Amino acid sequence: MLRSLITEGIGPAARFEMEFGSRLNLITGDNGLGKSFLLDIAWWVCARDWPDQPALPTLQAGRGRRITPNLTAALDGLTRNNVTTNYTFAPE
């Protein structure tokens, strides 16, 4: 089960943090705010595969510094709970 997501320099916002409830989570908002992007990232974290096209980092600058694209996710599983993993994008 996905417990939390944190993105930096990936997607429509420079930084995004979300903690999920233990049962039901609703994601709402206007068009273009990143709801589908959030679902794509959640799918990748859980399945290690993109549903359609990969979500690529923006490689943008933020507040006078270059943001290193980063994704952090916390997962609960059958054998291990609260496993936090960090993924950093390394440009080619």
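Since we're looking at a predicted model, the values are computed, not measured.
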List in chain and number order the residues that pass side-chain hydrogen bond (donor to acceptor under 3.5 Å, both in side chains) with Glu17, two or more places apart in sequence or in another chain; answer none if no residue qualifies. Arg15
If you measure from CG on Leu2 to CG on Asp76, what distance do you get to the nearest 0.5 Å? 9.5 Å
Just to verify, what does Thr72 make a side chain to side chain contact (heavy atoms under 4.5 Å, CB included) with, not counting sequence neighbours? Ile6, Asn70, Thr84, Asn86
Spacing of Leu38 atom CG and Trp43 atom CH2 [to the nearest 0.5 Å]: 14.5 Å
With salt bridge (charged side-chain N to carboxylate O under 4.0 Å, His left out) as the rule and sequence neighbours excluded, what pairs involving residues 22-37 come up? none
Taking all non-hydrogen atoms of both residues, which atom of Leu33 and which atom of Pro12 are closest, and how far apart? O-CG, 3.7 Å
Any heavy-atom pair between the side chains of Ile41 and Phe16 that's under 4.5 Å? no
Note, Leu5 side chain near Glu19 side chain (heavy atom, < 4.5 Å): no
Can Leu75 be reached from Met1 by stepping across I, L, V, M, F, W or Y side chains whose heavy atoms are under 4.5 Å apart? no
By side chain to side chain contact (heavy atoms under 4.5 Å, CB included) - contacts of Ser22 (at least two apart): Arg3
